[in-house]
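Labels below follow one simple rule: chain letters A, B, ... track the order of the sequence lines, proteins then strands, and each chain is numbered from 1. If you're wondering where the values come from, they're calculated on a predicted model, not measured in any experiment. The figures here come from the full heavy-atom set of this structure, side chains too, leaving out hydrogens, waters and symmetry mates.
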Amino acid sequence: MSDQTRNDQELRRLEELRIIRESGVNPYPPVFEKTHSNISVLETFSDEDASHLAEIAVAGRIMAVRVMGKAAFMHIQDDGARLQLYFRKDETPQFYELIHTLDIGDIIGARGFAFRTRTGEISVHAREAALLCKSLRVLPVPKEETDADGNKVVHDAFVDKELRYRRRYVDLIVNPHIRDVFVKRSKIIAEMRRFFDGRGWLEVETPILQPLYGGASARPFVTHHNALDVRLYMRIALELYLKRLIVGGFEGVYEISKNFRNEGMDKTHNPEFTMMELYVAYRDYFWMMNMTENLICRLCVAANGESSTKFAGNHISFAAPFRRATMYDLLREYTGLDLFGKSREELLATAREIGVEVDSTAGAMKLLDEIFSQKVQPNLIQPTFVMDYPVEMSPLAKAHRSTPGLTERFELFAAGAELANCFTELNDPIDQRARLEEQAALRISGDDEAMTLDEDFIYAIEVGMPPTAGIGIGIDRLVMLLTGQESIRDVLFFPQMRPEKQ
RNA sequence: GACCCCGUAGCUCAGUGGUAGAGCAUCUGACUUUUAAUCAGAGGGCCGUAGGUUCGAGACCUACCGGGGUCACCA
């Protein structure tokens, strides 16, 4: 970036960098032997005996500077925690020579001893100090004040969402609380792996670049492989390859990885998102409901220390068991109507009667889905397994063992949002081929989200897949729910943004 | 893709047709336990971009760029 794009403050920092180099100090030294994190100093300090903190080395980014003639205070931040440093001109003369060239944003290290200042703040009295990295860009600097009641008040917080998302590294520096969401995200995923690994299921990796895409209803990203000169699609779901592995003899496989869908973006959709899918042989969707309750409860505890969370003003408890109800029972509960077996025309008339906005060209399944989305889904605040969807809505789910026309499928809802989708997997190859042929026909008639017919997948199912239960959990949405974030952008480090012009 | 709101200093924001502002940040000076440090002074702006209306536009109109939100599509 040219100097013409720098403002006066940034040009001054370049000038300071020149002065530092000319004075013989390396502004980017290779190493600093840090002995303590800020947190460890703050947590282990004792007024009675601080001898264990008599010779320590700390380092971090300067977040506040108060030079008072021949003494100076700075706050440095590492790992989201701030620690005060105290300097005296007569004790660190070489460092003090350059103190006027230091800025908020620079990274420094100091060796010295921990003490408590007259005003009560645990600090490090520096005997030696060194610049570790000169910063050339200006950080937004919110100021923190502790008011009379001991509450933290932040002044001029850095809140511009566009800047926060485009320059997440700055957001993470100046808004340390943002880190908490991402630390929780990491804990949730780590706990999920522990849970699955502890049951002996294998974490696997399957292709992201696929000659045919499938496993969900969505539009894909299209790309091209030069050497093979073929069109490839970025996967929209993990399902079809994981089932091939069950066919191959693994009895429990899972994958946590990115899916890509070329669709609109909003508070709950990012074009790339993280999905977990798990397949376990010889199990069905009832078994998977039990597993899921235990899993989600454990994840909530891992993130929040308790089995409940708050989202959009609702207190949501993930203590097992969750409510279980069939789709048609819930429709009856919230509309007063029995919609099972109704024709497209009857459903269209019903939708209009009960005030559900629908497209008059919509098919029966679309109508049913719309009525459910508008009348039932917003009421599903506490976790609820919605069971037994119509076969037309679920081309990869096994036909219901007792009710014709339905499948053995559940979706888990909480806070009005879908969290998981599970089936007893369809392993009847004749039925599977028929369902996918139906999807292919829909595609030809113009439904660009209908599934393609993947002959190799059918071949695998014809080789034979044991009875299997499979589940998919949208990790981003789960993290949103468990951390109380109402926008997917706040649980992704780098949400997709439109590139800035020029 | 449609509609609504927003875009002014590094950050947070005032500025409702008449000389571009404040706080923090920055710079200069004072100050050896301060903490939103304090005190005194100073610098910093293609007011998102391009047209238009007007004697005069940061403000009004149009288009475009970027963001946020609602809807549509979806997990």
J.: Kindly point out which of rU33(B), rC11(B), rG69(B) is positioned nearest to the side chain of Phe115(A)?
T.: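 The answer is rU33(B).
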J.: Less than 6.0 angstrom separating the ring centers of Phe182(A) and Phe493(A), yes or no?
T.: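 Distance test on ring centres: under 6.0 Å, yes.
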J.: Output the single nucleotide from rG69(B), rU33(B), rU32(B) whose closest atom is nearest the side chain of Arg118(A).
T.: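 Given the options rG69(B), rU33(B), rU32(B), the side chain of Arg118(A) is closest to rU33(B).
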J.: So, OP1 or OP2 of rU33(B): does either fall under 4.0 Å of a side-chain N or O from Arg88(A)?
T.: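 The answer is no; no side-chain N or O of Arg88(A) sits under 4.0 Å from OP1 or OP2.
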J.: Taking only side-chain N and O atoms of Lys70(A), does any of them lie within less than 4.0 angstrom of OP1 or OP2 on rA30(B)?
T.: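 For Lys70(A), the contact criterion (side-chain N or O under 4.0 Å from OP1 or OP2 of rA30(B)) is not met.
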J.: Counting only side-chain N and O atoms of Arg498(A), is one of them less than 4.0 Å from OP1 or OP2 of rG67(B)?
T.: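 Affirmative; the distance criterion is met.
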J.: If you compare every side-chain N and O of Arg66(A) against the phosphate oxygens of rU38(B) (OP1, OP2), does one of them come in below 4.0 Å?
T.: no
J.: Go nucleotide by nucleotide along RNA chain B from the 5' end; which of Val138(A) and Asp369(A) gets its closest nucleotide reached first?
T.: Val138(A)
J.: Run the salt bridge (charged side-chain N to carboxylate O under 4.0 Å, His left out) test on Glu411(A) and Arg409(A) for me, step by step, so that the C-alpha distance in whole Å, both residues' side-chain angles and the decisive distance to 0.1 Å come before the verdict.
T.: CA-CA 7 Å; Glu411(A) 291 188 298; Arg409(A) 173 182 180 187; 3.4 Å; yes
J.: Would you mind pulling out the nucleotide paired to rU19(B), Watson-Crick or G-U wobble, both distances under 3.5 Å?
T.: none
J.: Using the rule side-chain hydrogen bond (donor to acceptor under 3.5 Å, both in side chains), only one of Arg179(A), Arg166(A), Lys161(A), Arg164(A) pairs with Asp171(A); which is it?
T.: Arg164(A)
J.: Of all the nucleotides listed (rC27(B), rU33(B), rU32(B)), which has the minimum atom distance to the side chain of Glu16(A)?
T.: rC27(B)
J.: Considering only side-chain heavy atoms of Asp90(A), which listed nucleotide, rC11(B), rU34(B), rU32(B), is closest?
T.: rU32(B)
J.: Closest to the Arg166(A) side chain: rC11(B), rU32(B), rG67(B)?
T.: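 Of rC11(B), rU32(B), rG67(B), rG67(B) is nearest to the side chain of Arg166(A).
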J.: Could you check which of rG68(B), rA37(B), rA25(B) has an atom nearest any side-chain atom of Gln9(A)?
T.: rA25(B)
J.: Look at the side chain of Ser394(A) and the backbone N and O of Ala397(A), then say whether any donor-acceptor pair between them is shorter than 3.5 Å.
T.: no
J.: Phosphate oxygens OP1/OP2 of rC31(B): is one of them under 4.0 Å from a side-chain N or O of Lys89(A)?
T.: no
J.: Are Phe413(A) and Phe372(A) an aromatic pair, judged by ring center distance below 6.0 Å?
T.: yes
J.: Taking only N and O in the side chain of Arg137(A), is any of them less than 4.0 Å away from OP1 or OP2 of rC11(B)?
T.: no
J.: In whole angstrom, give me the gap between the C1' atoms of rA2(B) and rG45(B).
T.: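 Straight-line distance between the two C1' atoms is 36 Å.
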J.: Mind checking the C1' distance from rA22(B) to rC65(B)? Whole angstroms is fine.
T.: 29 Å
